Structure formats: structure tokens, C-alpha cells
Amino acid sequence: MDALLIEPLEPFTASVLVPGSKSLSNRALVLAALAQGRSELSGVLFSDDSRAMMDGLVALGYGLEIDEEAATVAVEGRGRPPAAEAELFCGNAGTAMRFLAALCCLGAGSYRLDGIQRMRERPIGELVDQLRVLGADIAYEGEEGFPPLRIEGAPLDLESVRLKIGTTLSSQYVSALLQIGPYLPEGLEVEMVGEEITSLPYLKMTLKLMRQFRVKSEAHRGYRALIVPKKRYRAQKMAIEPDASNASYFLAAAAVVPGSRCTVEGLGSNSVQGDMRFCELLGRMGCEVDQHLDRTTVWRPDDGRKLRGLSVDLNAMPDMAQTLAVVALFAEGPTTIANVGNLRVKETDRMEALRVELTKLGASVGVVGDDLTIRPPESGRITPAAIDTYDDHRMAMAFAVAGLAQPGVTINDPGCVNKTFPRFFEVLETLRG
Ligand SMILES: O=C(O)C1=C[C@@H](OP(=O)(O)O)[C@@H](O)[C@H](O)C1
Ligand SMILES: C=C(OP(=O)(O)O)C(=O)O
């Protein structure tokens, strides 16, 4: 389908169960592959990004039993990558590209990693530099600092050097290094020496998941000093949480349609996903939030009051920038989303994509350095528009929310949601009761 017109919603009450977390699925798959024994993962995400990871692991010689209908994957853990040769195609999955690049460095074979054109524009140099410090043999086949990569595995040459890491463009580089840490000759020590740790909740998630696979790391000085012991992961039975980032669109839908209430199941105060804190932002904007251990409800009272714009540092929740920016269209006063420079190197340049598409809807948008300020349309009504999505699932999902609030929003190329949520528009329809 080329374009999808989104019809506005009447006030609704709904309960939604979104598919498994991309971040948790792709971490659990890597750790299960490295572990000793058979792991059984349930609630696994099935989408382009997790497929890239599963296909990559199979190409590297791991045994995966995949049941898409049941959303389960059983992984026969085999330690270091067994394959002598492999071609890994990562599409535009940042997690697959970064985590598999590190994993390949533990192998003894010859591996090539590539992705779609946009992946070739997404930097990976900071990870490659660190892997080289550990002794890995990595060559760029195209532009220096970007995929495709050729990795000639020589695992016995890897060393346990203490890594010093500055402020990175992506936390995925550090997560990738941490995950292979236990398989280095003496484990891994990482010192984060930059001014700020990018997307910190994702590093915490990595360490928590490693711990679930029975490797306990030490974190000191606010995660600035990390010590990963030499150890082997142990196979696990694990239920993956629903995806908190993808739950945000449903909570946002309740926020922009006064009188609505939306519950996301399986995601509450117990979640290991940093993006669950998005509901706190909706609370600050004027919604009621009711959070239990394993479910969260957002309710927008129909009391004639508008949402309030806010100013927030979103470095810890970069994937929430688009959801928040769209909610900001319906608020009173400006919203500033600060410290999100790495939006420029995601599925598309999200800073620019947001500026252009929010402007089409009648907002005035300012970008200053790494901050984005959105002033909603003065009339209180958005201008009908066809929204370009730039092959970015989050552009499609976030701007669909605008269409639920007011008429006239069309989403171009809605199929790009396949990256993390192939059934997104079907689940969105369930809000209509
Ligand atoms: O580690 C992860 O699973 C992720 C980390 C974040 O990326 P950055 O660390 O590049 O901000 C996030 O945007 C991405 O969707 C998933
Ligand atoms: C940034 C994202 O993905 P990736 O894992 O490709 O970086 C995202 O899902 O918003």
C-alpha cells in the first residue's frame, strides 16, 4: 500500500498487548547463542530487525528453532560463532549490525556484514575502533567508519584490554562490547570517560539481561566503570517483555483524544525498558497515569483543559522523540526535546524528518544544535497533510497518532512499520472498539 488515511478516533477505552521488545529480543538471541545449552525464548519479536538477527545467527552456525506463530525461539547455544564463513545482511537493524559485528570478532572465520543503503550511512567507527583495541581484524569495504565490514576472526589474538570510551553516538557500541566481554581471555573492563553516557538505559538493560544469563557485572561511579567477569552465559527460559517504545503510540493516542483511556498490558513499573518512562512525560503534560507492576494506563480527562507543552532532555529515551513531538502538536505552548543529536544517525535523519513533517501539519519547528522545539499550530488545528515516512517505522507510527486526533493525516509508505511492528496498523484499529 502506498498511503493510508488515518481516520480520527472517538474517545475510547482500550487495552493493548504489543509484540515483544526489539531491544530485548535481539539481546536475548545473542546471549542465548553464546550460552551453554538450550535456551527457550518466548514473546519474541518477529519483524525485520529481529529476523536480521535470527538470520545472522543461523548464518554464523547457531541452531535456532523458530515458531513465529507462537512467538518462540529455541536457541542451541554454541559459544563462539561456529561458522568458518558467513555473509550477514542486517537490513537497517542497528542492534543486529552492532551486536553481530562484536560477536563475529569471537569467531575463527571470515565474516562480512552489510545492510541496506541507509545502514551504510550509519556510523560504526567508534565500535570498530574499540574492537580493534581488543585485537580484532576488521576492514571497511566501503567508506571508512561505515558498513560494510569484513571481519577476519582470530579469536586467540583478542586481548582483555581496559577500554576507555568517550561519549558515543550510539549506546549500541558499548552494549555490543559488553555482551562479548565474558568471552574475552580475562573478561572486560570499560571506563566511560565522555561527558555523558549516551542512551544510558539501554546499557543498563544490557547488563540486566547478561545477569539473567548468569553473568553478573559490576557497575561503579554511575555506570562510568564497568567490570565484566570472564565467564560463560547459562542457557535460560525467558519471556521477553512487550516493546515499550512501540507501546508509546497507544498511550499517546489516549493522550491526544480527550476522554480516552488506554492500558498497555505486560508493561509496568517492573519493566527493564527505559522508554516506559514516557508515560511520566504524558503525566507532566496533563494526563493521568496509573502504573502497576505489569501494566500501565494513561487517561486523558475530558475536562476542557489542553495538554501542556514541556521541556525535556530526551537523551535517555531517543526513540520517544517522535511520539512526544506528535503529542506536542496538541499541547498548549511549546515543547522542547533536548539533547537528541543522535536522532540524525538513526533510520533516517529524524531531526530533519520531524522538522519537515511537523511543519506540514502547521507547527513551527526550530532546531538549535541538538535540541528541537515544536510550537503547535496557533489555530489549534493541524493542517491536513500526507506525511512522508523516510523508511522510518517511527515516523509512520508516531504521525498516525496525529491522524487519530484530527482529520486529514495520510501516512505514506505505511509498510515501513515492518522494521519493528508489522501489525501496527491492525492493532491501532482495535482502539476503535
Ligand atoms: O540498544 C538498543 O537496543 C537501542 C539503543 C538506542 O540506540 P542508541 O544507543 O543509538 O541511541 C535506541 O535508539 C535503539 O532503538 C535501540
Ligand atoms: C533507532 C532505532 O533502531 P536501531 O536499532 O536500528 O538503531 C529505532 O528502533 O528507533
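All residue numbers refer to positions in the sequence shown, counting from 1. The analysis underlying the following values was restricted to heavy atoms, covering all of them including side chains, and did not include hydrogens, waters or symmetry mates. Note that the structure is predicted; figures quoted are calculated from it, not measured. Numbering of ligands and ligand atoms starts at 1, following listing order.
- Given atom 10 (O) of ligand 1, the protein heavy atom at minimum distance is Ser170 OG, 2.6 Å.
- Residue Thr95 has at least one heavy-atom neighbour below 4.0 Å for each of these atoms of ligand 1: 2 (C), 3 (O).
- Under a 4.0 Å criterion applied to the non-hydrogen atoms of Ser171, ligand 1 contributes the atoms 5 (C), 8 (P), 9 (O), 10 (O).
- Per-residue contacts place Asp319 under 4.0 angstrom from the following atoms of ligand 1 (heavy atoms of the residue considered): 12 (C), 13 (O), 14 (C), 15 (O).
- For Lys419 and Asp49, the salt-bridge test passes: some basic side-chain N is under 4.0 Å from an acidic carboxylate O.
- In terms of polar-atom proximity, defined here as any N/O pair under 3.5 Å, Gly94 does make such a contact with ligand 2.
- For atom 7 (O) of ligand 1, the nearest protein heavy atom (residue, atom name, distance) is Lys346 NZ, 3.2 Å.
- Geometrically, ligand 2 and Asp49 share no nitrogen or oxygen pair separated by less than 3.5 Å.
- Put simply, CG on Asp275 and CG on Asn246 are 9.5 Å apart, with the number rounded to the nearest 0.5 Å.
- Ring-centre distance between Phe421 and Tyr249: not below the 6.0 Å cut-off.
- For the pair Leu34 and Leu103, the tightest heavy-atom approach, listed with the atom from each and the gap, is CD2-CD1, 3.6 Å.
- If you number the atoms of ligand 1 from 1 as listed, the ones under 4.0 Å from a heavy atom of Ser199 come out as 8 (P), 9 (O), 11 (O).
- Of the listed options Ser245, Gly94, Pro201, Ser23, Ser23 places a heavy atom closest to atom 3 (O) of ligand 1.
- Near Pro318, meaning under 4.0 Å from one of its heavy atoms, ligand 1 places the atoms 11 (O), 13 (O).
- For the residues Gln322, Arg394, Arg122, the heavy atom positioned nearest atom 7 (O) of ligand 2 is part of Arg122.
- For the pair Ser175 and ligand 1, no heavy-atom separation below 4.0 Å is found.
- Short contacts between ligand 1 and Asn342, defined as distances under 4.0 Å to a heavy atom of the residue, involve ligand atoms 8 (P), 10 (O), 11 (O).
- A heavy-atom separation below 4.0 Å is not found between Thr198 and ligand 1.
- Protein heavy atom in closest approach to atom 1 (O) of ligand 1: Arg27 NH2, 2.7 Å.
- Within the structure, the closest approach of Arg350 to ligand 2 falls below 4.0 Å when heavy atoms are considered.
- At least one donor-acceptor pair closer than 3.5 Å links the side chain of Tyr111 to the backbone N or O of Ala83.
- Salt-bridge formation is not detected for the pair Glu85/Arg112: no Lys NZ or Arg NE/NH1/NH2 atom is positioned less than 4.0 Å from an Asp or Glu carboxylate oxygen.
- A heavy-atom separation below 4.0 Å is found between Lys22 and ligand 2.
- Scanning the protein heavy atoms around atom 1 (C) of ligand 2, the nearest turns out to be Glu347 OE1, 3.2 Å.
- Checking only distances, Tyr202 never comes within under 3.5 Å of ligand 1, N or O to N or O.
- Salt bridge present: Asp319 and Arg394 bring a charged side-chain N and a carboxylate O closer than 4.0 Å.
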